Number of protein chains: 2
Amino acid sequence: MENIGIFYNLTSNDIEDIIKTLKCRKLSFKKGMTIMSNLKRSNEIGIVLDGEVSLVRIDFYGTLSNVSTYYIGDIFGGKFSDDSNEELSIIASKQSTILFTDYNQLIKGQLNKTWGEQLNENIMEQLVSKINNYNTRIEVLTKKTIRDKLLEYFHILEKRTSSTSFMLPMTLTALSEYLAVDRSAMQRELKNLKQDGIIEINGKRVTLIYR
Amino acid sequence: MENIGIFYNLTSNDIEDIIKTLKCRKLSFKKGMTIMSNLKRSNEIGIVLDGEVSLVRIDFYGTLSNVSTYYIGDIFGGKFSDDSNEELSIIASKQSTILFTDYNQLIKGQLNKTWGEQLNENIMEQLVSKINNYNTRIEVLTKKTIRDKLLEYFHILEKRTSSTSFMLPMTLTALSEYLAVDRSAMQRELKNLKQDGIIEINGKRVTLIYR
DNA sequence: TTTTTTTTGTTGCAACCGCAACAAAAAAAT
DNA sequence: ATTTTTTTGTTGCGGTTGCAACAAAAAAAA
């Protein structure tokens, strides 16, 4: 539990106290189960302790479409969903454990002298980090060509690791999804970059070549 | 000031008190002026009261590149920027008025009985709304073809307005930038959609045709 | 009102990219 | 250790899209 972002820098005593004070409930869900429905009218908040859940939209034909995915540490719930006026639900996309609480409880909890400030800071940190992740991805997605998307992404990794040689944090298949391009077209472009002497790539290790 | 998201549902008395308590400073900047530099080490926070500012990265060649843009109501600062290890600055991209405060002050302010909870809720709301905007844009950007990007965006507007006929909230030029596609290619695709009887478009009014 | 700037609309062309389909390699599961 | 699943690597083809370049319309500024 201490490895969950929202509980960063809090002792297990604090966490226990938080769970009691905020009247949290911990529940597990099998893949495919509905965790929340009718999201819009709900003040309920969920925190992903384990697994992966999806925010899905149900249109008037009853078709499900994935709106976003929440991973370990992420916070979700009515107050954290968008302003559209259709039905939203949360379903478990993997076997998941969820910690439930209430938005108002969470806000009120901030008044606690021992852990209130830290909890609040953690929640903000969580949201800000999500914003930054999205921001990074948008920066990459707005590049026009696959080559530019790849190079932009590689440059970000270069800065993150402070090295011109780094490991990709995902499979090439996942990378093509992240970049929203066709995998085979991406593979072709990687080959071109290699042939043009701009990068080296062996497995997941990428090296940028400056000359 | 009451129309700024972070001050939603607060009286002008509250706002005055907040500004005093959090030791805020209000400053104006001409276009091009540097608002913050050396962002990373700073606990300083800015709120855009008027205008528009840019978060820019300065690489080792001294080249500026835009990382993100903050509009009226947005919060920016070191604690709200990413985890890369390069120099970041905030510059005014238009004539702007900024309210400055300190991250720790803001967190501490939450303890105030009168406006603490509301202020906290507003800050969260602000962050969550940004996440949702980004989320929406990513949903659109990850569509593979210009046609699919347009239709996805139109469907979002359809839901937002609860109508198959709506006004575009921006110029076509701006839309092409939002979708990260070439403007003329987008224009061509709009024509195709019209010819295929899928949409009507006159100026900024778009109507989706279901048959 | 006139001038200037921005936006819209259009087209040819070449490069780019998605798609389909497959084989080999690697990883995960049994 | 063997089977199954996932990932990687490759290619031809045709549709899509970025680019350049321009004219007309609309909006904003003078």
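All values derive from a computational prediction rather than experimental measurement. Residue numbers start from 1 in every chain, and the chains themselves are labelled A, B, ... in the order their sequence lines are given, proteins ahead of strands.
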Interatomic distance, [X] [atom1] vs [N] [atom2] [rounded to whole Å]:
X      : N      : atom1 : atom2 : answer
B:L190 : D:dT17 : CG    : P     : 12 Å
A:K194 : D:dT8  : NZ    : P     : 13 Å
B:I146 : C:dC17 : CD1   : P     : 12 Å
A:K143 : C:dC17 : NZ    : P     : 14 Å
A:N202 : D:dT8  : CG    : P     : 14 Å
B:K204 : D:dA26 : NZ    : C1'   : 9 Å
A:L193 : C:dC16 : CG    : C1'   : 14 Å
B:L172 : C:dT7  : CG    : C1'   : 8 Å

(request) Could you tell me which nucleotide pairs with D:dA30 by Watson-Crick or G-U wobble geometry, both distances under 3.5 Å, or answer none if nothing does? (result)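 Because both required distances fall under 3.5 Å, D:dA30 counts as paired with C:dT1.
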(message) Please determine whether any donor N or O and acceptor N or O are separated by less than 3.5 Å between the side chain of A:S184 and the base of C:dA20.
(response)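 Per atom types, the contact qualifies.
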(message) Looking at B:R147 and D:dG15, is any side-chain donor or acceptor paired with a base atom of the opposite kind under 3.5 Å?
(response)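 It does not, because no donor-acceptor pair links the side chain of B:R147 to the base of D:dG15 below 3.5 Å.
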Quick one: is [N] close enough that its OP1 or OP2 comes under 4.0 Å of any side-chain N or O from [X]?
X      : N      : answer
A:K144 : C:dC17 : no
B:Q187 : C:dT10 : no
A:T173 : D:dT8  : yes

(request) Nearest-nucleotide wise, let me know which of A:R188 and A:I201 is further upstream toward the 5' end of DNA chain D. (result)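 On the 5' side of the pair lies A:I201.
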(message) Using every non-hydrogen atom in the two residues, find where B:S96 and B:E52 come nearest and quote the distance to one decimal.
(response)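 So the two residues come closest at OG-N, 3.0 Å.
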(message) Between A:E44 and A:R25, does any side-chain N to carboxylate O distance fall below 4.0 Å?
(response) yes
(message) Between the side chains of B:K23 and B:D102, is the shortest nitrogen-to-carboxylate-oxygen separation below 4.0 Å, so that they form an ion pair?
(response) no
(message) Measuring from the side chain of A:D182 (C-beta onward, heavy atoms only), which nucleotide among C:dC17, C:dC19, D:dG18 has the closest atom?
(response)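 Selected nucleotide (nearest to the side chain): C:dC19.
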(message) Starting the side chain at C-beta, find the nucleotide from D:dT8, D:dC19, C:dT10 nearest to B:K191.
(response) C:dT10
(request) Assess the side chains of B:Q118 and B:N122: does a donor N or O sit below 3.5 Å from an acceptor N or O? (result) yes
(message) Hydrogens and angles aside, do A:T11 and A:D14 bring a side-chain donor and acceptor to less than 3.5 Å of each other?
(response)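 A:D14 and A:T11 do have a side-chain donor-acceptor pair below 3.5 Å.
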(request) For B:R183, report the nucleic acid contact type (base, sugar-phosphate, nothing); a contact means any heavy atom under 4.0 Å. (result)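 Answer is base: heavy atoms of B:R183 come under 4.0 Å of a base.
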